[in-house]
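A quick write-up on the structure given underneath.
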Amino acid sequence: MASFFAGTIRFSLASLFLLGLFTLNLIPTADAQIGICYGMMGNNLPPANEVIALYKANNIKRMRLYDPNQPALNALRDSGIELILGIPNSDLQTLATNQDSARQWVQRNVLNFYPRVKIKYIAVGNEVSPVGGSSWLAQYVLPATQNVYQAIRAQGLHDQIKVTTAIDMTLIGNSFPPSKGSFRSDVRSYLDPFIGYLVYAGAPLLVNVYPYFSYIGNPRDISLPYALFTSPSVMVQDGPNGYQNLFDAMLDSVHAALDNTGIGWVNVVVSESGWPSDGGAATSYDNARIYLDNLIRHVGKGTPRRPWATEAYIFAMFDENQKSPELEKHFGVFYPNKQKKYPFGFGGERRDGEIFEGDFNGTASLKSDM
C-alpha cells in the first residue's frame, strides 16, 4: 500500500468518476457549532482538567489541540468534545521517514484514547509552506500524513478519523475575485499531491482564515466593517455571488482554488480564526467582540459558493502570555483566570442575525496557537 502512495497520487478516470458520484455524501451535514483552539503558550493557564470543564460549562463542543498533550487527552475522556488532534511540525520528519514511529504515535496518542476521546481529525503539521522559513519541512508533510493514515486505516478507523494538515492563506496566489481563487504557482508541486491524497481519503483541508491580518495588510482597499461582518450591503459582486464580509470572500477563494486545480472535491474546515483585543493595529475589545460574535452567528449560513454550515474553530481559548509579537497574546476568549472576556456564548443557544457596533448581545470565538 505504501508504494501506491509514493510520489504524486494518480487516479484513473473511472476512479474520479466514482468519486464524483459520492460528492454529495462528502458535503458536511454537521451543525454550525463553533470550536475553540486550546493553545498552551502561557505560564499562568489553568490545568487541563479545569480547561475541559470550562469547555463543557460553556457548551463548547469542539476543540483543537496543537500537540497530543497527555493531561488534556486524559481530561477529554467521555467529555463528548470533538477533537482536532495536532502533530507538531517538529515531529514531521520522524513520522515521514519511519512507519514504525507513525504506528507508535497512533497507538500512544489515538488508540489509547479513542473512542472515549472523540478524535475527529488529525492535523499533521500547521502552516507548513514550501516557500519561506518552514520550507525544509514541506517534503515531510505528505509522507507523514500517509504513514499516519495507514496506521489509522490498519485499525479500520479511516472513516471515523480523517488525517490532514492545516495551511494558511499565504499559499493563495490570487484571491480576488473569489471565484478566480488560485494557489501560488510555486506551491502547486507541494499542494497538488496533497490534494490528491485528500480526495482519495475523503478528508478535509484545514485552513487558518484571518480577516484581521488581511485587513491590516491592506486597510486602503479593505474597509473595517467588511472585515468585521458589519457592512450593511454587498461590497463585492462576483458573478451571481455577492460578498458582504471578508471572511466569506477569503474562504471562497480557497474553495475556488481547490476546485480550480481540477483534482477533485475537497471540503474545507476553518481550523483557526480570530481577532486580537490589544497589541496592534485595529485591535480593540469592541472590534474583537464584534468579529467573534458575528463569526459564531455567521458560520451556520456557509458561504455564497458553499451555502451550508462551515465548521470553524476560534483562536483561541485563552490569552497566552508567552506568545509574540504582543498582539498574539490577546486572542483569547477567556482570561487565564477562566473568566469570559466577552459577553456571548458558544453553543446552540445563539440567536440568529449578526451584530453591529453597539450591540452587546452575542457569542464568543477564538484564534490559533502557532
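- Residue T145 holds its OG1 atom at 12.0 Å from CD1 of I152, rounded to the nearest 0.5 Å.
- Side-chain heavy atoms closer than 4.5 Å link hydrophobic residues (I, L, V, M, F, W, Y) into clusters, and following such links, even through other members, never connects V234 to F247.
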side-chain contact (heavy atoms from CB on, under 4.5 Å) assessment of I122 paired with I161
CA-CA 7 Å; I122 297 174; I161 302 172; 3.8 Å; yes
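- Side-chain contact check for I34 versus Y313: every heavy-atom pair is 4.5 Å or farther apart.
- Of all the heavy atoms in T165 and L205, the pair that sits closest is O-CD1, 4.0 Å.
- When the salt bridge (charged side-chain N to carboxylate O under 4.0 Å, His left out) test is applied to D186, the partners found at least two apart in sequence or on another chain are R184.
- Considering every non-hydrogen atom in both P130 and S135, the closest pair reads O-CB, 3.2 Å.
- In this structure D100 satisfies the side chain to side chain contact (heavy atoms under 4.5 Å, CB included) test together with N98, R103, Q104, sequence neighbours excluded.
- Of all the heavy atoms in A72 and I52, the pair that sits closest is O-CD1, 4.2 Å.
- Between Y342 and Y285, the gap from one ring centroid to the other is short of 6.0 Å.
- Between atom CE of residue M40 and atom CG of residue L65 there is a gap of 5.0 Å, rounded to the nearest 0.5 Å.
- A perpendicular orientation is assigned to the rings of F331 and Y210, their planes being inclined by more than 60° (bins at 30° and 60°).
- The shortest distance between side-chain heavy atoms of T261 and D259 does not fall below 4.5 Å.
- For the salt bridge (Lys or Arg N to Asp or Glu O under 4.0 Å) condition, no pair includes a residue of residues 231-257, sequence neighbours left out.
- Between the CD1 atom of I81 and the NZ atom of K61 there is a distance of 10.5 Å, given to the nearest 0.5 Å.
- At a threshold of 4.5 Å between side-chain heavy atoms, the hydrophobic network of Ile, Leu, Val, Met, Phe, Trp and Tyr places Y140 and V131 in one connected group.
- Contacts of K56 classified as salt bridge (charged side-chain N to carboxylate O under 4.0 Å, His left out), with partners at least two apart in sequence or in another chain: none.
- At distances below 3.5 Å, not a single donor-acceptor pair connects side-chain atoms of E326 with backbone N or O atoms of G279.
- The minimum heavy-atom distance between D192 and I263, with the atom names listed, is O-CD1, 3.5 Å.
- Side-chain atoms of T94 never come within 3.5 Å of backbone atoms of D91 as a donor-acceptor pair (strictly under, hydrogens ignored).
- Here CZ of R297 is found 12.0 Å from CG of L292. Values are rounded to the nearest 0.5 Å.
- For S284, the side chain to side chain contact (heavy atoms under 4.5 Å, CB included) partners two or more places apart in sequence, or in a different chain, are D286, N287.
- Under a 3.5 Å cut-off, the side chain of N147 and the backbone N or O of A96 do form a donor-acceptor pair.
- Separation of atoms CG (N44) and CG (D319) is listed at 9.0 Å; rounding is to 0.5 Å.
- Counting heavy atoms from C-beta outward, E127 and N208 have side chains that approach closer than 4.5 Å.
- Residues P276 and Y212 have side chains in contact (heavy-atom distance under 4.5 Å, counting atoms from C-beta outward).
- For Y121, the ring-ring contact (aromatic ring centres under 6.0 Å, His included) test picks out no residue, with sequence neighbours left out.
- For the residue pair A151 and A102, the shortest heavy atom distance occurs at CB-O, 4.2 Å.
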Would you please test Y335 and F318 for ring-ring contact (aromatic ring centres under 6.0 Å, His included) and show each step?
CA-CA 6 Å; Y335 295 110; F318 298 105; 9.9 Å; no
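- For the pairing with L206, the side chain to side chain contact (heavy atoms under 4.5 Å, CB included) check across T164, N126, V268, V124 returns one residue only, T164.
- Under a 3.5 Å cut-off, the side chain of S231 and the backbone N or O of Y226 do form a donor-acceptor pair.
- Between Y190 and V128, the closest side-chain pair of non-hydrogen atoms falls below 4.5 Å.
- Judged purely by atom type and a 3.5 angstrom limit, Q237 uses its side chain to pair as donor or acceptor with the backbone of G239.
- A distance-only check finds a donor-acceptor pair linking the side chain of Q70 to the backbone of P68 [under 3.5 Å].
- By the side-chain hydrogen bond (donor to acceptor under 3.5 Å, both in side chains) test, N337 pairs with no residue at all, sequence neighbours left out.
- The two atoms that bring N58 and K340 nearest to each other are OD1-CD, 3.7 Å, heavy atoms only.
- Taking a cutoff of 4.0 Å between a charged side-chain nitrogen and a carboxylate oxygen, D78 and R116 qualify as a salt bridge.
- Side-chain contact check for R289 and N294: no donor-acceptor pair (N or O, by modelled atom type) lies under 3.5 Å.
- For the atom pair CG (N260) and CZ (F183), the distance works out to 9.5 Å, reported to the nearest 0.5 Å.
- Scored by the side-chain hydrogen bond (donor to acceptor under 3.5 Å, both in side chains) test, N43 finds N321 as partners (sequence neighbours excluded).
- In this structure, the side chains of S223 and M235 come closer than 4.5 Å at one or more pairs of heavy atoms.
- By the 4.5 Å heavy-atom criterion applied to side chains, P211 and M250 are counted as neighbours.
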Starting from the C-alpha separation in whole Å, work towards a yes-or-no answer on side-chain contact (heavy atoms from CB on, under 4.5 Å) for N74 and F113.
CA-CA 8 Å; N74 279 309; F113 297 97; 3.4 Å; yes
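- With sequence neighbours excluded, no residue forms a side chain to side chain contact (heavy atoms under 4.5 Å, CB included) with Q139.
- With sequence neighbours excluded, the residues forming a side-chain hydrogen bond (donor to acceptor under 3.5 Å, both in side chains) with D168 are T170, listed by chain and number.
- Between the S134 side chain and the L137 main chain, no donor and acceptor come within less than 3.5 Å of each other.
- Legend: residues meeting side chain to side chain contact (heavy atoms under 4.5 Å, CB included) with K118, ordered by chain and number and at least two apart, are E82.
- Formation of a donor-acceptor pair under 3.5 Å by the T283 side chain with backbone atoms of G280 is found in this model.
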Tell me, with the steps shown, if Y200 and Y197 meet ring-ring contact (aromatic ring centres under 6.0 Å, His included).
CA-CA 5 Å; Y200 169 83; Y197 156 79; 7.2 Å; no
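- Using a 4.5 Å heavy-atom threshold, the side chains of K338 and M317 count as separate.
- Of the possible polar contacts, one joining the K162 side chain to the H158 backbone as a donor-acceptor pair under 3.5 Å is found.
- Between the side chain of K329 and the backbone N or O of K323 there is at least one donor-acceptor pair closer than 3.5 Å.
- Scanning for salt bridge (charged side-chain N to carboxylate O under 4.0 Å, His left out) contacts around R77 gives an empty result, with sequence neighbours left out.
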